[in-house]
Amino acid sequence: MGVSRTLHFGQSYASAASSVQERLRSVFNAGGDSGAWVRVVRKHLPVETVDEGAAVVRETHDTNAMLNTTRSLLTLSVNSASASTLNAFALATHAASGACVFVATESNAELDAIVAKLKAVWALRQTLRVDGSQYAMPNAGVTVRIGSVTVGTSSKGVLIEVEADTDDEAEGVTLIKATLKKLFRNVDKFSAWDVEKNVPATYDYGGVEWLRNEEFGVSHSSFAIMKLCTKLIK
């Protein structure tokens, strides 16, 4: 993978997203490959043992529970055809300071095993899914991924990720912006979206220093998705 930017568009963009996908299929995807793009993010909250001995999740709207809950845990599963690719991640966030710990594991099974061992202290709260398609366009030097976002049964808009085939961030962002401008041109809702303003020039590492030493790849993409999910999963 190369430099990427992951963008969330609210539910008001959902109906217009089909036009974006159609343009990808008919125009941008000439000579490229397409496939499924799926991301599953699960939010876990600390478990509190009550007098009866039953485990209950601290509700986020309970003020006392919020004060006592110091951390939340997100896990993300990635569909990857490459067994050598890191494809499962965990993000723990400290509620008071906002500091986070971002961990990569070798497989979804490994992450599931870790979470299973922690089930006495963590309980599943909500699940977010991204279901869509990815379009590799080698002639353009980019891969575009687009998918609908759901939390439980509620629709939460659209996620679009554009990856440039380069490790040079400035070059990659220029290519990403050019791709989005072409992709959104004359498409309802999206055409009014300010690409120059809304696509960040630099990647937000969010205090996860080990990412700075990694080549741009699936870890950066997954961290960006999980940060977006902290705003979408309550």
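No hydrogens, no waters, no symmetry mates; every other heavy atom, side chains included, goes into these values. What you see is a predicted model, and the numbers here were worked out from it, not measured in a lab.
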K.L.:
Checking side-chain contact (heavy atoms from CB on, under 4.5 Å) for the pair Val20/Val158: CA distance, chi angles, key distance, verdict?
P.N.:
CA-CA 11 Å; Val20 175; Val158 179; over 6 Å; no
K.L.:
What is the minimum heavy-atom distance between Cys229 and Val41, and which atoms define it?
P.N.:
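Shortest heavy-atom contact: SG-CG2, 3.7 Å.
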K.L.:
Would you call the rings of Phe184 and Phe9 parallel, tilted or perpendicular if under 30° counts as parallel and over 60° as perpendicular?
P.N.:
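The rings of Phe184 and Phe9 stand perpendicular, inter-plane angle above 60°.
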K.L.:
State which residues pass side chain to side chain donor-acceptor pair (under 3.5 Å) with Arg42; sequence neighbours excluded, sorted by chain then number.
P.N.:
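Applying side chain to side chain donor-acceptor pair (under 3.5 Å) to Arg42 gives none.
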K.L.:
Listed by chain and number, what are the salt bridge (Lys or Arg N to Asp or Glu O under 4.0 Å) partners of Lys227, not counting sequence neighbours?
P.N.:
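Result, salt bridge (Lys or Arg N to Asp or Glu O under 4.0 Å) vs Lys227: Asp204.
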K.L.:
Going by the salt bridge (Lys or Arg N to Asp or Glu O under 4.0 Å) test, which pairs reach into residues 132-159, not counting sequence neighbours?
P.N.:
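Found Arg145-Glu161, Arg145-Glu163.
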K.L.:
Evaluate the side-chain proximity of Phe190 to Ser19: yes if any heavy-atom separation is below 4.5 Å, no if none is.
P.N.:
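With C-beta onward as the side chain, the pair stays apart.
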K.L.:
Considering residues at least two apart in sequence or located in another chain, which fulfil the salt bridge (Lys or Arg N to Asp or Glu O under 4.0 Å) criterion with Glu196?
P.N.:
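Salt bridge (Lys or Arg N to Asp or Glu O under 4.0 Å) check on Glu196 returns Lys177, Lys181.
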K.L.:
Specify the closest pair of heavy atoms between Gly2 and Asp167, including all atoms of both residues, with the distance to one decimal.
P.N.:
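So the two residues come closest at CA-OD1, 4.1 Å.
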K.L.:
Is any side-chain heavy atom of Thr166 less than 4.5 Å from a side-chain heavy atom of Leu175?
P.N.:
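They are not in contact (no side-chain heavy atoms under 4.5 Å apart), so the answer is no.
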K.L.:
Measure the shortest side-chain to side-chain distance between Ile146 and Trp37 over non-hydrogen atoms and say whether it is less than 4.5 angstrom.
P.N.:
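Side-chain contact under 4.5 Å: no.
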K.L.:
Flag the pair Arg125 / Ile233 as yes when at least one side-chain heavy-atom distance between them is below 4.5 Å, and no otherwise.
P.N.:
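No, too far: nothing below the 4.5 Å cut-off.
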K.L.:
Could you grab the distance from atom CE of Met226 to atom CG of Leu74, nearest 0.5 Å is fine?
P.N.:
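So the gap between those two atoms works out to 5.0 Å.
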K.L.:
Drop me the distance from Ile160's CD1 to Thr179's OG1, to the nearest 0.5 angstrom.
P.N.:
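Going from CD1 on Ile160 over to OG1 on Thr179, the span is 12.0 Å.
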K.L.:
Contact between Arg5 and Val162 at the side-chain level, heavy atoms closer than 4.5 Å - yes or no?
P.N.:
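They are not in contact (no side-chain heavy atoms under 4.5 Å apart), so the answer is no.
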K.L.:
For the backbone of Leu183 and the side chain of Arg23, can you confirm whether one donor and one acceptor N or O come within less than 3.5 Å of each other?
P.N.:
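Present.
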K.L.:
Without swapping roles, check the side chain of His220 against the backbone of Leu211 for a donor-acceptor pair under 3.5 Å.
P.N.:
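Yes, the answer is positive, given that a donor and an acceptor are paired below the 3.5 Å cut-off.
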K.L.:
Could you state the interatomic distance from CG (Leu232) to CD (Gln126), rounded to the nearest 0.5 Å?
P.N.:
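Answer rounded to 0.5 Å: 10.0 Å.
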K.L.:
Not counting sequence neighbours, which residues clear side chain to side chain contact (heavy atoms under 4.5 Å, CB included) with Leu228? List them please.
P.N.:
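Counting only residues at least two positions away or on another chain, Leu228 forms a side chain to side chain contact (heavy atoms under 4.5 Å, CB included) with Thr6, His8, Leu159.
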K.L.:
Counting N and O atoms only, with roles assigned by atom type, does the side chain of Glu169 sit under 3.5 Å from a partner on the main chain of Tyr203, one being a donor and the other an acceptor?
P.N.:
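Judged by distance alone, yes, a pair lies under 3.5 Å.
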K.L.:
Ignoring hydrogens, what is the shortest heavy-atom contact between Ala36 and Gln134? Give both atom names and the distance.
P.N.:
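It is O-NE2, 3.6 Å.
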K.L.:
Looking only at non-hydrogen atoms, find the nearest pair between Val130 and Leu128 and report the distance.
P.N.:
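The pair with the smallest heavy-atom distance is CG2-CD2, 3.9 Å.
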K.L.:
Given the rule in the side-chain contact (heavy atoms from CB on, under 4.5 Å) test, do Glu171 and Val3 qualify, once you have shown the distances and angles that lead to the verdict?
P.N.:
CA-CA 9 Å; Glu171 179 184 341; Val3 175; over 6 Å; no
K.L.:
Would you confirm whether the ring centroid of Tyr13 sits within less than 6.0 angstrom of the ring centroid of Trp193?
P.N.:
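Ring-ring flag for Trp193/Tyr13: false, centres at least 6.0 Å apart.
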K.L.:
To the nearest 0.5 angstrom, please state how far the CG atom of Asp168 sits from the CZ atom of Phe216.
P.N.:
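With rounding to 0.5 Å, CG (Asp168) is 9.0 Å from CZ (Phe216).
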K.L.:
Are more than 12 heavy atoms, taken from residues, nucleotides or ligands other than Glu209, located less than 6.0 Å from that residue's CD atom?
P.N.:
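Yes, enclosed.
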K.L.:
Restricting to side chain to side chain donor-acceptor pair (under 3.5 Å), what partner residues turn up for Thr75, sequence neighbours left out?
P.N.:
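For Thr75, the residues satisfying side chain to side chain donor-acceptor pair (under 3.5 Å) (neighbours in sequence not counted) are His44.
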K.L.:
Taking all heavy atoms of Ala164 and all of Val142, pick out the closest pair and write down the distance.
P.N.:
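Smallest heavy-atom distance, with atoms named: CA-CG1, 4.2 Å.
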